[in-house]
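Here's the structure we're looking at; comments come further down.
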Number of protein chains: 2
Amino acid sequence: MVPFRLIPQPGVPVADQVVFAAKKAMFSGKLRPGDAFPSVRTLAGAMKIHANTAQKVIAQLTADGLLEVRPGIGTVVVHPPAARAGRGRLLARDVEQLTVQAMQLGITLEELQGSLAECWRGLQKEDGHHER
Amino acid sequence: MVPFRLIPQPGVPVADQVVFAAKKAMFSGKLRPGDAFPSVRTLAGAMKIHANTAQKVIAQLTADGLLEVRPGIGTVVVHPPAARAGRGRLLARDVEQLTVQAMQLGITLEELQGSLAECWRGLQKEDGHHER
DNA sequence: TAGGTGTCACAAGTGCCATAGTACACCTGT
DNA sequence: ACAGGTGTACTATGGCACTTGTGACACCTA
């Protein structure tokens with residue numbers, strides 16, 4: 001029913017995990033623009049979390065511009081505003097962290113870039129499968 | 001005195017920030033294998049944190065194999081064991097997260113790889129400056 | 001009208017984090 | 001031997017974020 005699952009990660013907030021899983025579902029094509037997003041209470045029931053936590057998920061995704069709220073109806077997946085005017089700076093912290101961690105593991109830059117490309121294509125390859 | 005500083009990040013534990021700053025200092029050559037690492041109390045004083053928190057930093061870095069403890073003497077920076085037997089799997093979570101966030105911002109894979117390379121070289125270029 | 005939708009508010013419980021203080025075993029100087 | 005510096009361990013406390021719990025409201029559709 002819900003187009004994504006999650007494997008509980010200890011230490012990271014459940015709400016953030018669900019948000020991440022939802023984004024992944026969107027960018028991999030399991031949730032396409034126009035599709036109805038699970039309601040707060042439906043999501044809460046499916047994810048075995050509290051309705052209040054599910055509400056935070058919806059609010060977060062809405063704030064990120066990935067969901068649009070139809071009052072009284074529900075929420076719908078929208079196409080990201082594609083606002084990237086020098087937003088690369090927002091990733092600086094994450095890029096730096098990934099770099100340091102890779103260096104610690106003795107991984108080369110090329111290997112890291114390869115892993116990144118592999119992960120990238122792994123998400124995009126399912127992009128045309130709306131026929132479940 | 002202490003070969004690294006940190007810019008307080010709200011929301012992330014101070015201990016983790018110091019650990020990250022220390023690692024960055026190591027991989028950028030500001031701290032080379034054989035150098036003495038600041039003592040618990042010195043680190044606590046310089047970073048304006050509690051000695052107990054500084055102790056956690058030392059413990060973390062030691063557990064990561066980046067520091068070696070000489071009982072009664074102090075801690076010394078050691079060369080990472082370079083143990084990378086399929087450890088690329090440890091980065092999977094971070095790679096996936098960075099990928100999704102980049103997609104959300106509408107950044108292309110090539111741009112992301114470019115940012116990564118830039119950050120990488122930015123750390124390595126200072127690698128020969130021990131003449132301080 | 002009945003039911004489903006998102007939204008908000010308040011309280012209680014839990015756990016992590018940083019601080020605080022104290023103590024111990026170890027080694028190196030003099 | 002001694003004093004001083006080192007890492008390590010323990011308990012306790014206050015603050016903060018997270019989750020859950022419960023209830024309520026305004027909105028829309030059938």
Side-chain angles (χ1 to χ4, degrees), chain A residues 1-3 5-23 26 31 33-78 97, chain B residues 1-3 5-22 26 31 34-78 97:
Chain A
M1 185 188 295
V2 178
R5 277 143 281 172
L6 54 80
I7 41 183
Q9 285 303 96
V12 41
V14 186
D16 293 3
Q17 296 182 41
V18 179
V19 168
F20 180 74
K23 287 182 181 177
M26 291 175 184
L31 272 177
D35 289 358
F37 195 81
S39 75
V40 170
R41 295 160 182 85
T42 299
L43 186 64
M47 291 300 181
K48 310 290 189 183
I49 60 180
H50 196 266
N52 218 330
T53 304
Q55 200 287 333
K56 255 200 287 189
V57 174
I58 306 278
Q60 180 65 52
L61 291 173
T62 303
D64 285 347
L66 298 172
L67 287 185
E68 195 180 272
V69 175
R70 307 285 169 81
I73 307 292
T75 54
V76 184
V77 180
V78 299
Q97 184 169 335
Chain B
M1 183 189 294
V2 178
R5 276 143 281 172
L6 54 82
I7 41 183
Q9 279 311 93
V12 41
V14 186
D16 293 4
Q17 296 183 41
V18 180
V19 168
F20 180 74
M26 293 175 184
L31 272 177
D35 288 358
F37 194 81
S39 75
V40 170
R41 294 161 182 83
T42 299
L43 187 62
M47 291 300 181
K48 311 289 189 184
I49 60 180
H50 196 265
N52 218 329
T53 304
Q55 149 58 8
K56 255 200 286 189
V57 173
I58 307 278
Q60 180 65 51
L61 290 173
T62 304
D64 285 347
L66 297 173
L67 288 185
E68 195 180 271
V69 176
R70 308 286 169 81
I73 306 293
T75 55
V76 184
V77 181
V78 300
Q97 185 169 334

Considering non-hydrogen atoms only, spot the tightest contact between A:Pro3 and A:Pro38 and give its length.
CD-CG, 4.3 Å
Spacing of A:Leu61 atom CG relative to C:dG6 atom P, expressed in whole Å
12 Å
Is any side-chain nitrogen or oxygen of A:Thr53 closer than 4.0 Å to OP1 or OP2 of D:dT19?
no
Separation of B:Lys48 atom NZ from C:dA20 atom P, in whole Å?
13 Å
Under 4.0 Å, counting only non-hydrogen atoms across every strand here, what does A:Ala51 touch: a base, just sugar-phosphate, or nothing?
nothing
Provide the closest heavy-atom pair for B:Leu67 versus B:Val78 in the form atom of the first, atom of the second, distance.
N-CG2, 4.1 Å
Measure from CG on B:Leu67 to C1' on D:dT6 and round the result to the nearest Å.
14 Å
What's the closest nucleotide to the side chain of B:Thr75 if the choices are C:dA18, C:dG6, D:dG7?
D:dG7
Distance, rounded to the nearest Å, where B:His50 contributes NE2 and C:dT19 contributes P:
7 Å
Length of the line joining A:Glu68:CD and C:dT7:P, which is rounded to integer Å
12 Å
Taking C-beta and beyond as the side chain, do A:Leu61 and A:Phe37 meet within less than 4.5 Å on heavy atoms?
yes
Side-chain N or O of A:Gln55 closer than 4.0 Å to phosphate OP1/OP2 of C:dG6:
no
Give the residues of residues 35-45 of chain B touching DNA chain D, defined as any heavy atom closer than 4.0 Å, sorted by residue number.
B:Ser39, B:Val40, B:Arg41
Output the rounded distance in Å from CE (B:Met47) to C1' (C:dT19).
18 Å
Enumerate the salt bridge (Lys or Arg N to Asp or Glu O under 4.0 Å) contacts for residues 46-70 of chain B, please, sequence neighbours excluded, ordered by first and then second residue.
B:Lys23-B:Asp64, B:Glu68-B:Arg70
Pick the nucleotide of DNA chain C nearest each of A:Asn52 and A:Ile73; which residue has the one closer to the 5' end?
A:Ile73
Return the value, rounded to whole Å, for the distance between atom CD of A:Gln60 and atom C1' of C:dT7.
16 Å
For A:Ile58 and C:dG4, what is the distance between atoms CD1 and C1' respectively, to the nearest whole Å?
14 Å
Nearest heavy atoms of B:Leu43 and B:Ala54, plus distance in Å
CD2-CB, 4.2 Å
For residues A:Ser39 and A:Thr42, report the shortest heavy-atom separation together with the two atoms involved.
OG-OG1, 2.7 Å
On a heavy-atom basis, the closest approach of A:Pro8 and A:Gln17 is CA-OE1, 3.7 Å
